[in-house]
2 protein chains.
Amino acid sequence: MTRREFGQYCGLARALELVGERWALLIVRELMARPGRYTDLLEELSGIPTNVLSTRLKELEEAGIVERRIAQAPQRGVVYALTEAGQSLQTAVIALALWGNARFDAHQVGYRVPLSSLVMALRATFDREAAGGVTASWEIRTAGAVLHAVVTDGQLTSGAGPAPTGPDLTITVAADAVPPYQELMRAIGLGEVELSGRRSLLETFADVFIPRSAGSVPADRQPHPPAEDVTGPAGVRRSRGRG
Amino acid sequence: MTRREFGQYCGLARALELVGERWALLIVRELMARPGRYTDLLEELSGIPTNVLSTRLKELEEAGIVERRIAQAPQRGVVYALTEAGQSLQTAVIALALWGNARFDAHQVGYRVPLSSLVMALRATFDREAAGGVTASWEIRTAGAVLHAVVTDGQLTSGAGPAPTGPDLTITVAADAVPPYQELMRAIGLGEVELSGRRSLLETFADVFIPRSAGSVPADRQPHPPAEDVTGPAGVRRSRGRG
DNA sequence: CTGCATCCACTTTGATACTG
DNA sequence: CAGTATCAAAGTGGATGCAG
């Protein structure tokens with residue numbers, strides 16, 4: 001076997017072979033919020049050992065999930081970005097994140113809020129219905145971090161860093177550290193923010209990003225009822241030893 | 001730190017702390033298809049070491065994902081089942097499985113098809129629209145394996161093992177080993193099956209379970225366009241050393 | 001038989017130091 | 001900036017043992 005495989009013809013097993021190693025999906029999450037360099041990742045993923053980061057990046061590149069790009073002109077150096085295959089992990093990443101969000105004991109003190117988690121939360125809570133026809137762009141600044149959300153005719157583009165086009169409205173939330181999404185949205189909802197730009201877009205923002213109650217999930221993906229309790233009448237159990 | 005934590009206030013990180021260890025999600029997948037005993041799991045997950053299985057089961061129980069039940073009457077012994085928190089992983093499991101399915105090189109020879117992967121595939125491809133108002137039950141038999149799908153007024157219940165109520169139609173597909181979902185559905189679509197019961201329900205079956213092209217995903221969960229290429233003009237980058 | 005616990009070789013991580 | 005190198009600790013895989 002090439003490398004730690006499960007040997008099952010099952011999409012889940014395959015997925016775990018590709019992105020199931022420790023730190024792998026967190027790297028993907030980072031790059032989902034914006035392409036970044038090795039040192040950006042080291043910083044954002046605080047705690048990841050350097051050798052593990054470089055190993056994962058190689059594996060993810062090998063697997064066609066991450067792309068190594070050589071940055072041009074002013075920046076130079078290596079920039080890592082997701083391939084299309086990598087982008088398409090977003091559905092799964094969001095599903096896992098919604099599930100995990102519902103399973104925090106409390107707001108752990110000392111836990112950092114990764115900027116990329118806010119970006120994912122924006123994408124997870126974006127309401128296509130409510131955004132129909134909307135075109136606007138926002139930049140959110142808090143505790144030295146910046147992220148943006150650009151809605152173009154109802155389509156969302158969001159990520160870490162300043163808005164590419166220059167935002168219609170900049171929302172600044174005072175905080176010592178990057179706040180969790182719910183707190184950020186609460187502050188915005190309560191107007192505990194500083195605005196710069198088209199202030200009327202604050203309301204639009206609140207309309208378009210609707211925090212679902214943590215862990216809730218779109219209706220067409222609700223879990224099905226569990227299979228029944230029993231292992232089946234003994235006589236009817238699936239025959240052993242195949243055949 | 002209690003045990004291998006990431007220390008990030010991020011749903012994804014939390015999810016990975018709880019179900020990110022090797023084999024954990026595969027155990028969840030098995031129990032999603034039906035509750036089972038230790039030895040069932042050992043058999044279905046062929047390859048898992050016994051100590052790893054028992055360690056994972058303890059961790060998953062500790063995390064409130066798996067429940068240990070003492071089976072009564074004829075069976076006796078321990079049966080493992082998912083709690084509600086465990087069930088609610090299904091969205092994420094399906095999302096990962098769809099992604100992974102699109103990333104098989106070919107049908108790997110020698111790879112077993114886990115019965116539970118077929119159950120997940122049924123649930124993933126169930127079309128609520130098409131199933132509106134339908135009430136019917138099917139049992140599928142192939143290569144000694146049995147699974148069922150019960151649709152009650154448009155609601156799906158499915159799992160490994162025989163249909164709890166006695167199926168309206170039994171579909172038997174001849175095969176040496178459990179076939180991958182696409183092959184199974186192709187055989188059914190082509191009528192290369194043996195039927196027993198209300199034969200007219202074969203068409204209903206094909207209408208209600210519509211294999212999406214592997215990796216495709218409901219529209220409201222499409223990935224958003226990637227954030228732009230660059231790390232941003234150097235001067236505007238997020239300030240280091242926290243603001 | 002089920003449901004593990006133990007032992008051991010091997011691999012992967014984590015932490016840190018160091019280099020082109 | 002973008003990694004290697006090194007080493008200890010933890011986790012995994014495989015085999016085996018054993019009680020209820």
Side-chain angles (χ1 to χ4, degrees), chain A residues 1-8 13 16-17 19-27 30-31 35-61 66-81 231 234 237 240-241, chain B residues 1-8 13 16-17 19-27 30-31 35-62 66-81 231 234 237 240:
Chain A
M1 80 178 49
T2 318
R3 210 184 107 267
R4 280 322 197 44
E5 297 184 358
F6 287 108
Q8 301 183 359
L16 293 174
E17 287 171 3
V19 296
E21 311 277 319
R22 201 164 156 76
W23 292 103
L25 273 183
L26 295 182
I27 293 171
E30 281 314 313
L31 298 179
R37 24 181 94 247
Y38 185 86
T39 40
D40 292 334
L41 293 170
L42 267 186
E43 194 184 344
E44 296 292 320
L45 295 173
S46 64
I48 189 173
T50 60
N51 54 352
V52 172
L53 177 56
S54 77
T55 304
R56 288 292 165 275
L57 285 170
K58 273 174 214 151
E59 293 164 350
L60 290 170
E61 195 189 351
V66 159
E67 237 177 25
R68 225 170 176 276
R69 298 181 189 161
I70 307 301
Q72 307 292 25
Q75 357 230 274
R76 79 193 175 285
V78 183
V79 172
Y80 293 94
T231 319
R237 287 186 64 189
R240 308 255 157 180
Chain B
M1 91 179 38
T2 319
R3 206 184 112 265
R4 283 318 201 47
E5 296 184 0
F6 287 108
Q8 300 183 359
L16 293 174
E17 287 170 2
V19 295
E21 309 278 319
R22 199 162 159 75
W23 292 103
L25 273 183
L26 296 183
I27 293 171
E30 282 312 314
L31 299 180
R37 33 181 84 246
Y38 185 85
T39 41
D40 292 334
L41 294 169
L42 267 186
E43 193 185 345
E44 296 292 319
L45 295 173
S46 63
I48 189 174
T50 60
N51 53 354
V52 173
L53 177 56
S54 78
T55 305
R56 288 292 165 275
L57 284 171
K58 272 173 215 152
E59 293 165 350
L60 290 171
E61 195 189 350
E62 169 83 32
V66 160
E67 236 177 26
R68 224 170 177 277
R69 298 182 189 161
I70 307 302
Q72 306 294 24
Q75 0 229 268
R76 78 193 177 287
V78 184
V79 171
Y80 294 95
T231 319
R237 290 187 62 188
R240 309 252 156 182

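Proteins come first, then strands; the chains are lettered A, B, ... in the order of their sequence lines, and each starts at number 1.
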Rounded distance (nearest 0.5 Å) linking atom CG of B:L31 with atom CD of B:E44 | 10.5 Å
Value in whole Å for how far the P atom of C:dT2 lies from CD1 of B:I70 | 16 Å
Any side-chain N or O of B:R22 under 4.0 Å from OP1/OP2 of D:dG13?
-> yes
Given the rule in the side chain to side chain contact (heavy atoms under 4.5 Å, CB included) test, do A:V19 and A:I27 qualify, once you have shown the distances and angles that lead to the verdict?
-> CA-CA 10 Å; A:V19 296; A:I27 293 171; over 6 Å; no
Can you check whether B:Y80 has a side-chain N or O nearer than 4.0 Å to OP1 or OP2 of C:dC4?
-> yes
Residues B:E59, B:R56; criterion salt bridge (Lys or Arg N to Asp or Glu O under 4.0 Å); working and verdict = CA-CA 5 Å; B:E59 293 165 350; B:R56 288 292 165 275; 2.9 Å; yes
Side chains of B:T50 and B:Y38: closer than 4.5 Å at any heavy-atom pair?
-> yes
Less than 4.5 Å apart, any side-chain heavy atom of B:I48 and any of B:L26?
-> no
Is the shortest side-chain N/O distance from A:S54 to OP1 or OP2 of D:dT4 below 4.0 Å?
-> yes
Please produce a list of atom pairs where a protein N or O lies less than 3.5 Å from an N or O of nucleotides 5-8 of chain D.
unit_1: D:dT6; atom_1: O4; unit_2: A:N51; atom_2: ND2; d: 3.2

Reckon B:T39 has a side-chain N or O less than 4.0 Å from the OP1 or OP2 of C:dG3?
-> yes
Helix axis bend for the helix from C:dC1-D:dG20 to C:dG20-D:dC1 - C1'-based end axes, five pairs, 10° rounding | 30°
Look at B:K58 and C:dG3 and indicate whether a side-chain polar atom (N or O) is within less than 4.0 Å of OP1 or OP2.
-> no
Whole angstrom value for the distance that separates P of D:dG11 from CD of B:E59 = 8 Å
For the atom pair OH (B:Y80) and CG (B:L41), what is the distance rounded to the nearest 0.5 Å?
-> 8.5 Å
To the nearest angstrom, the CG-P distance between B:L26 and D:dG13 comes to 11 Å
Take atom OH of A:Y38 and atom P of C:dT19, then tell me their distance rounded to the nearest Å.
-> 16 Å
At under 4.0 Å, does any side-chain N or O of B:W23 touch on OP1 or OP2 of D:dG11?
-> no
Please round to the nearest 0.5 Å and tell me the distance separating atom NZ of A:K58 and atom CG of A:L53.
-> 10.0 Å
May I ask you to evaluate whether A:R56 reaches the phosphate of C:dT13, defined as a side-chain N or O under 4.0 Å from OP1 or OP2?
-> yes
Taking side chain as C-beta onward, heavy atoms only, is B:D40 less than 4.5 Å from B:R37?
-> yes
For A:E21 and C:dG14, what is the distance between atoms CD and P respectively, to the nearest whole Å?
-> 11 Å
Grab the CG-P distance between A:L57 and C:dT13 for me, whole Å please.
-> 13 Å
May I ask you to establish whether B:R22 and A:F6 are in a cation-pi arrangement, using a distance under 6.0 Å from NZ or CZ to the six-membered ring centre and at most 45° from the ring axis?
-> yes
OP1 or OP2 of C:dC4 sitting under 4.0 Å from any side-chain N/O of B:R37?
-> no
Just by modelled atom types, is the B:N51 backbone N or O under 3.5 Å from a matching donor or acceptor in the B:S54 side chain?
-> yes
Please give, in whole Å, the distance from C:dC10 P to A:R4 CZ?
-> 14 Å
Starting at CG of A:L53 and ending at P of C:dT16, how long is that distance when rounded to a whole Å?
-> 17 Å
